[in-house]
Asks: 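This is the structure I have questions about; it appears just below.
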Amino acid sequence: MTPLIEIDRLSHTYANGVQALRDVSFSVNTGEFLVVIGLSGSGKSTLLRTINRLIEPTHGSVRFDGRDVTHLTGEALRKHRAQIGMIFQHFNLIDRHRVLNNVLYGALGRTSTMPSILGRYTAEQRARAYRNLDVVGIADKAESRADALSGGQQQRVAIARALMQDPRLLLADEPVASLDPATSHSVMQYLERINKDLGMTVICNLHFLSLVRQYATRVIALKGGQLVFTGTPEEITDEWFQTIYGEDAREVEIR
Amino acid sequence: MKLRQTLLASILDLCLGAFLLSSVWRVVLPALTDLPAPPFGLVDVAAMVLAGSALIVIGRATGGSLGRAFARGALPDRAIGRRVTLHLGWLTFVVAVLTGWIVTEISPIEFFSGNGLSGAGRIFTALATPNFDIIGLALEAMVVTVFTAFMATIVAVPIAFFLSFPAARNVMSGSATERSIYTALRALLNITRSMEPIIWAIIFSVWVGIGPFAGMLALVVHTVASLAKLYSEQIEDVDEGPIEAISATGANRLQVLWFAVVPQCLIPFLSYTIYRWDINVRMATIIGFVGGGGIGTLLTQYQGLSKFHEVGTLVIIITLVVWLLDVASARVREALK
């Protein structure tokens, strides 16, 4: 079976000269819950964005389902993105719009311009939007304005929006970094359920090792843009922890 | 210093020297001695170049020069250079004030002379005893002015809206072609904006004839240019997060603009638009002076006939309406925040 994602000797240098990724290679199989750890600025966010190609890497290749997507453009690029859901640290909802509409925006990649701008979504799309809100337990908020919701609720709307894409992969960039511990677990549990019940592959950037141990099926670690660790959560010993986060680092628990 | 900076500094110093010399020689001295300045000739040019060169030489020797300070964006490092720069700065300021005083023909004697004061008395008395017989006519003209401003805003908003996207740097960062469209459009908008509405009013009063329509067209041009700039700066200011999120769903460019950028901009756009209408009412009044119709045209007519009681009526109405609109627009904009 070919892996869902194959990253081969991937490097990325930003226009301002910052080298965010150096020669990173790994692959991800369907159904995995892969967590990427590393300090801020270690290249985690860049790595995620090269997969759905919000960023075009400067060297190396990204293969998705056996197909090289490294340099896609135009229609092909949009089709590629439409298969991959993404959630963000700051949720990135359209604040002034209703929750239901925010979820429907997940279907933009498969809706042509005029109907979407006129708000002409199909009955099937609306029904699916409600179902996806139900998956994350906030169907009752469908008519609220997005910015009226709490942080945790907004992140769940963002998950529903990603599910609306019927994605084959879910990318989560620090999904709980701006949430309190209790809400963090709630959001992580929804991601876990989507991974286990729907069998969806998840790649998630995380800061807290306690969350990593609880939810990841596999872990990779980046340091200064390089891949320094691949293994199971149990294999992250204190020694590895020091290597990844530096000598002075102390592990903080989130319960 | 880099070559380009040195070149810029030298050109500035040359101009400054020429300005100082010709100001003193052709404006200040003739005014003090009451002798007319000799006709402008080759000698003057030579003297100006010489003075400019002197400043450049001083700049070279001591590092002290206004041109150098401007080109570097900082004062020179050496103490002597700083002192020279500062002294040159003061000298330039004093010469500029003296020259300004003379060329604007400032004359306290005329301001306080018996003749002048009695004229002031006449006009203030007339303004303070307005003729309210013309109130109907005046209000009618004011309505025309307010609607000239209103229609100009209404027509300008959609045009400015569509222009503001290609005039926003973050929207047009895709390719070299896009960046050059952005640059060209921004330059065009800046040039259009630098031309005062009163000039556009003169152009349009010849084009479509004197009247409110000419005034409206003049305001449309200026409003499009300034709103497009304000709108596009707002677009450049939006949060990138939603743009990323909508792009990640596979949305196309128009969809990203419509769903991620526009919702973030609508309220500020509305606020700018109301503010602009407020400004347009003031401008519509002024534009009336050169044939833009409405209360401004009425005002010039009465002023031409020296009917200052009627002018007084118009001044009261204009002041009242402008003040009311100012308060109203400020309140609405505050509520929109």
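Naming convention: chains lettered A, B, ... in sequence-line order (proteins, then strands); numbering from 1 in each chain.
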Asks: What residues of residues 142-156 of chain B sit under 4.5 Å from chain A when you count only heavy atoms?
Replies: none
Asks: Should the heavy atoms of other residues, nucleotides or ligands under 6.0 Å from CZ of A:Arg120 be counted, would the total exceed 12?
Replies: no
Asks: Looking only at non-hydrogen atoms, find the nearest pair between B:Ser247 and A:Leu54 and report the distance.
Replies: CB-CD2, 3.8 Å
Asks: Under 4.5 Å from any heavy atom of chain B, what part of A:Ile94 do you find: side chain, backbone, both or neither?
Replies: side chain
Asks: Is chain B contacted by the side chain of A:His80, its backbone, both, or neither, given a heavy-atom distance below 4.5 Å?
Replies: neither
Asks: In terms of heavy-atom contacts, does CZ of B:Phe213 have more than 12 from other residues, nucleotides or ligands at under 6.0 Å?
Replies: no
Asks: Looking at every non-hydrogen atom in both residues, tell me the closest pair between A:Met86 and B:Ala248 and how far apart they are.
Replies: CB-CB, 4.2 Å
Asks: Give me the atom names and distance for the closest heavy-atom approach of A:Arg161 to B:Ala245.
Replies: NH2-CB, 3.3 Å
Asks: Specify the closest pair of heavy atoms between B:Glu244 and A:Asn92, including all atoms of both residues, with the distance to one decimal.
Replies: OE1-ND2, 4.4 Å
Asks: So does A:Tyr121 have more than 12 non-hydrogen atoms from other groups sitting under 6.0 Å from OH?
Replies: yes
Asks: Examine whether an atom of A:Ile87 lies under 4.5 Å from a heavy atom of chain B, and if so say whether it belongs to the side chain, the backbone or both; otherwise answer neither.
Replies: neither
Asks: In Å, rounded to the nearest 0.5 Å, how long is the span from OG1 of A:Thr113 to CD of B:Gln255?
Replies: 5.0 Å
Asks: Would you indicate whether the side-chain heavy atoms of A:Ser116 and B:Phe259 approach each other to under 4.5 Å?
Replies: yes
Asks: So which of A:Gln89, A:Arg49, A:Gln83 has the largest heavy-atom pair count under 4.5 angstrom toward chain B?
Replies: A:Arg49
Asks: Only heavy atoms, only distances under 4.5 angstrom. Which residues in residues 261-278 of chain B are near chain A?
Replies: B:Pro263, B:Ile267
Asks: Got more than 12 heavy atoms from elsewhere within 6.0 Å of CZ, B:Arg282?
Replies: yes
Asks: Is the CZ atom of A:Arg98 crowded by more than 12 outside heavy atoms at less than 6.0 Å?
Replies: yes
Asks: Can you tell me if A:Tyr14 has over 12 outside heavy atoms packed within less than 6.0 Å of its OH?
Replies: yes
Asks: Among B:Asp239, B:Leu254, B:Ile243, B:Asn252, which residue forms the greatest number of heavy-atom pairs with chain A at distances under 4.5 Å?
Replies: B:Asn252
Asks: Quick check for you: to the nearest 0.5 Å, what is the distance between B:Trp258 atom CH2 and A:Leu118 atom CG?
Replies: 9.0 Å
Asks: Would you call A:Tyr105 and B:Ile246 a side-chain contact if the rule is heavy atoms closer than 4.5 Å?
Replies: yes
